[in-house]
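Per chain, numbering begins at 1; letters A, B, ... match sequence-line order. Please read these numbers as outputs of a predicted model, since none were measured by experiment.
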Amino acid sequence: MQMPTPDTHILDRKATIAARLRQVLPVDAVVTEPSETRAYECDALTAYRCPPLLVVLPETTKEVSAVLRICYEEGVPVVPRGAGTSLAGGALPTADCVILGVAKMNDVLETDYDNRFIRVQTGRTNLSVTGAVEEAGFFYAPDPSSQLACAIAGNIAMNSGGAHCLKYGVTTNNLMGVTMVMMDGEIVEIGGAHLDAAGLDLLGVICGSEGQLGVVTEATLRILHKPEGARPILIGFDSNEVAGACVSDIIKAGVLPVAIEFMDRPCIEACEAFAQAGYPMCEALLIVEVEGSEAEISHQLGLISEIAGRHNPVELREATDSDEAARIWLGRKSAFGAMGQINDYMCLDGTIPVSTLPEVLRKIGELSAQYGLKVANVFHAGDGNMHPLILFDANKPGDLELCEAMGADVLKLCVEVGGCLTGEHGVGVEKRDLMTAQYTSEDLEAQLNVKDVFDPKWLLNPAKVFPLEVTTPRRSRVLEQRT
Amino acid sequence: MTMYQPNSEQDLADLLRDADAPLAVQGGATRGVNIAGAPLSTCALNGVRLYEPGALTLVAGAGTPLPEVEVLLAAENQRLAFEPSDLRGLLGTDGIPTLGGAIATNTSGPRRIQSGAARDFLLGVRFVDGMGQIIKNGGRVMKNVTGYDLVKLMAGSHGTLGVLSEVSLKVLPSPECSGTLIWENLDWQASLAIFSAALNSPYDVTGAARLPAFGERPAQTLIRVEGFEASVSYRLSELSGHLKTIAQSAEMTMDVVRNAQLWRSVRDVEPFVGKEGDLWRSSIKPGNMPAFVAALDGEHMIDWAGGLIWSLVPKGRDVRAALNGFGGHCTLLRGAHHLLRFQPEPAPLAALSAGLRKKFDPRGILNVGLMG
């Protein structure tokens, strides 16, 4: 992965920069020892690593502001980091950057059930937001697979989704306001306990901007009351096409499940071997979950069974109790772990129009044969968010590169059929160079202009999201100004 | 004055590239906004380009009439879930509302509290910026985090960043049935308590509003649920029981016509149609509603469980003064005086917004002065 050449001027000034930061932070909040900064050398995209110049771990918005002001004055790039679970390399450092980790900022600041929101520091993990409100019967809806570990800061940066977003939307649909620190240290408040923006929807463009516009330190999140209950049904088919048609028919019938998950044969086999969930061996498996009271659940599952029945399923298993529901979800939820047992894998997350599903799965199969790499597919079928897992051997020279080349072809395919490169993981460094497959130079320029407004010096997470050659003139401006 | 009405996205791009004077961008011109410059209508950029009911996706020209979209969707038992308002009656305008207009103003009706605003259903945009460049962002799929979300930025930008040429939307199935609980003559505080308790239940409320007294009819506090018939009936009776501690004797209706009338009345602010006075729309924290309306004279209609307040106040009254540190914002929809239509933002946000306008419309020709 090509990254910008580290700025030697910054490397030389490491001691001075660290000293300045120590003046505004507690002693243990500035990490400079190489043995300790190594823990921050990568995120969940572990193929790429680079220890940062140093790491800061502030505890308050004011401390974040002080840190950013110093970095702004020193011209030091800053890479914000939530919990470091990005699959796209969103928190990958450069040798001349300061990693600004929000992990210590995990307080609940305000819980307001009457107005249905919670305000938290953004280092708090996704699941512990729900944890803070579930006793009162509430939950925070976006549920990325990594929700036990991932931080709200990263969820906002990547506009994270999850299995249940077919009904509840993704992060941007559940984010009401933020406290954000601009690169020059200014603290701004955007949105809050009210709905919609007074002027331009700045919150909308901040969410999903991958830490390039500001550092979000506090967030107001919408919380919802839990439904009375939820239950899944498992449906097996002897072809991907038929499973795809069934998904479309369920949606057309006016049933809106909270989740529709799809697994293909390689994935079913791996999950079954790993978790013994009792899945039928077939070509395609759907897990459809609905919510409501017992009677409402039965009614909806009845409709879904009837629709599925028209597609000659090889298996139709309705959960009758919570144990069976858990067993149906068990395999799906362990899918990534199961694949990890067999092989190294790369997880893509391109999104496609649901109607192109059979075509895309067939073409992924062809690419798999062509590259000689196995692929297992597991994805959110209701919204077309694919998760092809390409298996490779990290110890075999050239295999990672081969896998990346195939991944790029799969993502280009997603764009060709009317979809996009990434549905919920973000661009990071991983898909940076594919942006030109989806966007024209005018389209990209419009996005770069937004960054110019928020971060004129291009110091925040500067080497991400856009192809390096596209951002070079902007990133080098700060160097030119110094010389 | 010349009215520009480009017939294609390329015509629109040529027009904007060559423009040398301010333009007043409009869809169906149903909002009665006075903007300096020659009118530029998107009405000829119309037509549905793609509709896949099984994928809940619709792509259409920005100038496509909303009624045309609604009829098309209804034929497949689907709808625009953000329930866009039709304010022609209220504002005394004619013209046909367009899809692009609904998006550019981020208009959302009572269902906002449950399913989201227009911006939440917008999947992709094509637009032409102030320099005449054609730009796309987002696409036609429901989950898309590829690059910055300019889609959200364009929703609610009131034509000040660019002129929409095409929009992609997520649509939703229409429910089999709607049902409403109605209480009469509840005051602000009791209405708020009803809203709060109803939304803090597991019954998936899709509307929480209060209509002011109107002629013979007393004020009505409303709670709506939607879904399969048996489910609606079940949830209405559960809610009714659940809310008895706050207010007795709710009327329950699942009548199709009555439900449609009640919620159209809320959506389109019908109680204020034909009435004199300045018209304001305020978005606040729901819990502040009773104090906010108490600080104002005039009439108020409440939506979004207390979070949206339509106010009809004596001419010249500054409703923003009643915010009094509450947070939130007030938009002046009708009233000829010195106050700005949109609430001025705090300086750092105003600077960011001005910076964005300068980038997207460097020559300052698109709906100049409308938003700040």
Any side-chain heavy atom of [X] within less than 4.5 Å of one from [Y]?
| X | Y | value |
| --- | --- | --- |
| B:Asn106 | A:Asp201 | no |
| B:Lys170 | A:Asp383 | no |
| A:Arg116 | B:Pro286 | yes |
| A:Gln447 | B:Asn137 | yes |
| A:Pro353 | B:Arg140 | yes |
| A:Leu195 | B:Leu308 | no |
| A:Thr422 | B:Val145 | yes |
| B:Asp204 | A:Pro227 | no |

So for [X], is it side chain, backbone, both, or neither that comes closer than 4.5 Å to the heavy atoms of chain B?
| X | answer |
| --- | --- |
| A:Ile223 | neither |
| A:Met182 | side chain |
| A:Glu445 | neither |
| A:Val188 | side chain |
| A:Arg222 | side chain |
| A:Leu213 | side chain |
| A:Leu256 | side chain |
| A:Lys464 | neither |
| A:Ser160 | neither |
| A:Asn173 | both |
| A:Val465 | side chain |
| A:Tyr168 | neither |
| A:Met435 | side chain |
| A:Val417 | backbone |

Find the one option among [options] whose heavy-atom pairs under 4.5 Å with chain A are most numerous.
| options | answer |
| --- | --- |
| B:Val151, B:Val141, B:Asp149, B:Thr146 | B:Thr146 |
| B:Gly116, B:Ala354, B:Pro348 | B:Pro348 |
| B:Gly287, B:Ala155, B:Ala55, B:Ala193 | B:Gly287 |
| B:Pro53, B:Pro346, B:Gly139 | B:Pro53 |
| B:Gly328, B:Gly227, B:Cys330 | B:Gly328 |
| B:Ser231, B:Gly162, B:Gly355, B:Ser108 | B:Ser231 |

Which atoms of [X] approach chain A - backbone, side chain, both or neither, heavy atom under 4.5 Å:
| X | answer |
| --- | --- |
| B:Ile284 | backbone |
| B:Thr331 | neither |
| B:Ser174 | neither |
| B:Ala230 | neither |
| B:Tyr203 | side chain |
| B:Leu172 | side chain |

Identify which of [options] forms the greatest number of heavy-atom pairs closer than 4.5 Å to chain B.
| options | answer |
| --- | --- |
| A:Gly199, A:Ala253, A:Ala198 | A:Ala198 |
| A:Ile190, A:Asp196, A:Leu434 | A:Asp196 |
| A:Leu202, A:Ile187, A:Val170 | A:Leu202 |
| A:Ala245, A:Gly384, A:Gly161, A:Ser355 | A:Ser355 |
| A:Gly350, A:Ala197, A:Ala136, A:Gly292 | A:Ala197 |
| A:Ile352, A:Val247, A:Val354, A:Val205 | A:Val205 |

What heavy-atom pair brings [X] and [Y] nearest, and what distance separates the two atoms?
| X | Y | result |
| --- | --- | --- |
| A:Leu200 | B:Arg357 | CG-NH2, 3.6 Å |
| A:Tyr439 | B:Gly138 | OH-N, 3.5 Å |
| B:Pro173 | A:Gly254 | CB-CA, 3.5 Å |
| A:Ser248 | B:Gly54 | OG-CA, 3.5 Å |
| A:His225 | B:Asn200 | CD2-O, 2.9 Å |
| A:Ala446 | B:Leu150 | CB-CD1, 3.9 Å |

### Task
For A:Glu296 and B:Arg235, run side chain to side chain contact (heavy atoms under 4.5 Å, CB included): C-alpha distance rounded to whole Å, both residues' side-chain angles, the deciding distance at 0.1 Å, then the answer.
CA-CA 10 Å; A:Glu296 291 171 297; B:Arg235 286 182 284 148; 3.1 Å; yes
salt_bridge([X], [Y]) N-O dist < 4.0 Å:
| X | Y | answer |
| --- | --- | --- |
| A:Asp349 | B:Lys143 | no |
| B:Lys358 | A:Asp452 | no |
| B:Lys136 | A:Glu442 | no |

### Task
Determine, stepwise, if the pair A:Asp114 / B:Lys285 fulfils salt bridge (Lys or Arg N to Asp or Glu O under 4.0 Å).
CA-CA 10 Å; A:Asp114 282 342; B:Lys285 181 163 89 172; over 6 Å; no
### Task
Show your reasoning for whether side chain to side chain contact (heavy atoms under 4.5 Å, CB included) applies to B:Arg126 and A:Asp443.
CA-CA 10 Å; B:Arg126 293 181 65 88; A:Asp443 298 338; over 6 Å; no
### B:Tyr148-A:Phe466 aromatic ring centre distance below 6.0 Å
yes
### Query
Does the pair A:Thr172 and B:Arg119 meet the rule for a side chain to side chain contact (heavy atoms under 4.5 Å, CB included), with working shown?
CA-CA 10 Å; A:Thr172 190; B:Arg119 55 94 88 180; 3.8 Å; yes
### Query
Rounded to the nearest 0.5 Å, how far does CD of A:Gln438 lie from CG of B:Asn144?
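Spacing of CG (B:Asn144) from CD (A:Gln438) equals 5.5 Å.
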### Query
Would one find more than 12 heavy atoms of other residues, nucleotides or ligands at under 6.0 Å from atom CD of A:Glu110?
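It does: A:Glu110 CD has more than 12 such atoms within range.
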